[in-house]
Protein chains: 2
Amino acid sequence: MFTLLGMTSTDAATKADVAARPKRGGGRDRRGELIAIASELFAERGFLATTIRDIADAAGIQSGSLYHHFTSKESMVEELLADYWTTLLQRYREVVDSEPDATKATRGLVRASVLLLDECALALRVMLNDWTYLSETFPFMEESLAECQAIWLDVIERGVAEGSLSSEVDATICYRTVMASVSGTARWFRPEGKVSVEALADDMANIFMSGFAARS
Amino acid sequence: MFTLLGMTSTDAATKADVAARPKRGGGRDRRGELIAIASELFAERGFLATTIRDIADAAGIQSGSLYHHFTSKESMVEELLADYWTTLLQRYREVVDSEPDATKATRGLVRASVLLLDECALALRVMLNDWTYLSETFPFMEESLAECQAIWLDVIERGVAEGSLSSEVDATICYRTVMASVSGTARWFRPEGKVSVEALADDMANIFMSGFAARS
DNA sequence: GCGTTAACCTAGCAAGTGATAGGTTGGTTT
DNA sequence: AAACCAACCTATCACTTGCTAGGTTAACGC
């Protein structure tokens with residue numbers, strides 16, 4: 001430990017840094033701020049490739065200080081993912097409960113997925129990149145996915161039964177195709193970009209309902 | 001280092017292990033074997049989450065021994081990914097060069113993608129899970145993806161021009177939707193599973209061309 | 001002023017990480 | 001028999017990882 005003008009480096013750092021430190025009462029939900037900062041990094045580099053030192057640097061604090069707010073690196077991402085799934089499933093239920101027509105319900109599910117992509121782009125990008133690890137770490141992810149699949153299959157099979165959806169393609173393959181497209185969209189879609197969610201939702205719903213062959 | 005019956009532990013380990021070691025001339029392409037073993041782990045747990053000690057354990061050798069065959073962990077996955085992209089692009093070119101009809105060419109591209117999914121399931125699963133890291137590490141991945149996109153957009157726009165594909169949805173969104181579905185399929189598709197590639201290729205081509213609304 | 005508390009710092013640990021250097025083995029070639 | 005070589009081992013390095021213990025600072029309530 002070197003000394004500077006009779007101060008130890010510890011003292012010097014403390015004096016200087018504390019002055020530049022933002023006031024305590026300022027932005028109130030510090031924990032939320034840190035989650036936002038961390039999520040950005042997770043989405044950009046991947047969860048596993050992001051270290052807590054990266055997060056601390058981005059937040060302008062020391063790595064150890066993060067553990068005042070969180071118990072582990074995993075807990076920094078858990079809320080983000082849990083939020084996504086509860087919201088998605090809640091909106092799915094609203095759609096299927098309020099829409100008896102299977103065709104419209106299918107469009108509604110696509111639409112709900114895409115609109116949520118807009119709100120939770122970070123969460124989807126994080127999951128997209130580290131699904132294997134994250135789904136092993138957080139059991140609720142597999143559980144939520146299972147419920148998601150159940151809702152979709154129910155709607156599709158209802159549509160096939162009432163004759164509005166084609167019985168020629170396998171329901172499970174339909175479901176997986178849609179889900180893959182929607183979540184895969186997270187890789188390029190940016191909420192602030194030039195493609196609007198509304199247009200995207202309509203386009204994707206159209207593709208799945210009618211395909212992209214020209215109507216004859 | 002403890003001793004046992006006058007032997008050092010080093011000697012003991014050597015004597016025993018060498019006896020159990022497979023003969024040298026046996027399976028000739030050892031490097032290829034190791035790539036296969038590593039790929040399996042990469043696909044299962046993710047590239048970043050797999051350590052070279054995991055790979056060595058699975059291969060029944062010591063971690064240091066891997067560096068007799070490879071210069072780095074990255075080089076263990078590079079061939080796998082490069083193979084995928086060269087094959088995909090080559091087959092894409094065969095399709096667009098030999099098929100003047102845009103509708104059939106589109107089906108051909110979907111089909112080629114799905115069939116390759118069958119052959120290169122591991123490569124796709126690896127990319128799907130660690131795309132962010134891998135595409136930063138291997139520049140050829142972004143380059144190949146760009147060429148892939150160019151081929152797709154060309155075919156789609158040709159189809160729109162000749163009136164066989166709908167002009168109502170954005171070409172780029174079409175492309176991204178298809179690609180996301182196909183590569184996302186790698187998450188659940190298993191070559192040895194009960195869904196045949198042929199059926200899958202047909203189903204997916206049908207979904208994209210005609211959608212899953214019942215034909216009226 | 002005094003105690004409390006949230007937010008942060010410093011310093012470092014234990015466990016792993018990818019990678020390396022040099023030695024050993026046994027089959028193949030000459 | 002001698003030389004060669006691929007395949008592997010042992011032991012270890014330098015570094016990074018997530019995480020922790022204990023201390024410091026400043027705002028707030030009484």
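Here is the naming used below: chain letters follow the sequence lines, and residue numbers restart at 1 for every chain.
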Trainee: Using side-chain contact (heavy atoms from CB on, under 4.5 Å) as the criterion, list what pairs up with A/Ala36, not counting sequence neighbours.
Mentor: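 By the side-chain contact (heavy atoms from CB on, under 4.5 Å) rule, A/Ala36 matches no residue at all.
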Trainee: State which residues pass side-chain hydrogen bond (donor to acceptor under 3.5 Å, both in side chains) with A/Asn206; sequence neighbours excluded, sorted by chain then number.
Mentor: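 Here the qualifying residues are A/Arg107.
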Trainee: Sequence neighbours excluded, which residues qualify as side-chain contact (heavy atoms from CB on, under 4.5 Å) partners of A/Phe140?
Mentor: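 Scan of A/Phe140 (side-chain contact (heavy atoms from CB on, under 4.5 Å), adjacent residues dropped) gives A/Glu78, A/Leu81, A/Ala82, A/Trp85, A/Phe138, A/Glu143, A/Ser144.
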Trainee: Can you see if the side chain of B/Gln62 gets near the phosphate of D/dC8 - specifically, an N or O under 4.0 Å from OP1 or OP2?
Mentor: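 So the side-chain polar atoms of B/Gln62 never come under 4.0 Å of the phosphate oxygens OP1 or OP2 of D/dC8.
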Trainee: Can you find a side-chain donor-acceptor pair between B/Ser181 and A/Ser181 that sits under 3.5 Å?
Mentor: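 A/Ser181 and B/Ser181 do have a side-chain donor-acceptor pair below 3.5 Å.
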Trainee: For residues A/Met141 and A/Leu145, determine if any side-chain heavy atom of one lies less than 4.5 Å from a side-chain heavy atom of the other.
Mentor: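 No; the side chains remain at least 4.5 Å from each other.
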Trainee: What string of B, S and - do you get for nucleotides 15-22 of chain D 5' to 3' if you count protein non-hydrogen atoms under 4.0 Å?
Mentor: --BBBB--
Trainee: Output the residues of residues 34-46 of chain A in contact with DNA chain C, where contact means a heavy atom of the residue under 4.0 Å from an atom of the strand; sort by number or write none.
Mentor: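 Nothing qualifies; none.
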Trainee: Specify the separation, in whole Å, of atom CZ of B/Phe70 and atom P of D/dC8.
Mentor: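 After rounding, the gap between these two atoms is 11 Å.
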Trainee: Looking at the side chain of A/His68, which of C/dC8, D/dA6, D/dC9 is the nearest nucleotide?
Mentor: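 It is C/dC8.
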Trainee: Show, in sequence, the C-alpha distance, side-chain angles and deciding distance for B/Ser39 and B/Val77, and conclude whether the side chain to side chain contact (heavy atoms under 4.5 Å, CB included) test is met.
Mentor: CA-CA 7 Å; B/Ser39 303; B/Val77 85; 5.9 Å; no
Trainee: Atom CD1 of B/Ile61 and atom C1' of D/dT10: how far apart are they, to the nearest Å?
Mentor: 14 Å
Trainee: Calculate the interatomic distance between B/Arg30 atom CZ and D/dA6 atom P; express it in whole Å.
Mentor: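 In whole Å, D/dA6 P and B/Arg30 CZ are 15 Å from each other.
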Trainee: Rounded to the Å, how far apart are B/Leu66 CG and C/dT20 P?
Mentor: 13 Å
Trainee: Show me the donor-acceptor pairs within less than 3.5 Å that the side chains of residues 117-125 of chain B make with the rest of the protein, sequence neighbours left out.
Mentor:
residue: B/Glu119; atom: OE1; partner: B/Arg91; partner atom: NH2; Å: 3.1
residue: B/Glu119; atom: OE2; partner: B/Arg91; partner atom: NH1; Å: 2.9

Trainee: Report the distance from atom NE2 of B/His69 to atom C1' of C/dA19, rounded to the nearest whole Å.
Mentor: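 Going from NE2 in B/His69 over to C1' in C/dA19 covers 16 Å.
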Trainee: Please state whether the rings of B/Trp152 and B/Tyr175 are parallel, tilted or perpendicular, taking 30° and 60° as the class boundaries.
Mentor: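 B/Trp152 and B/Tyr175: tilted rings.
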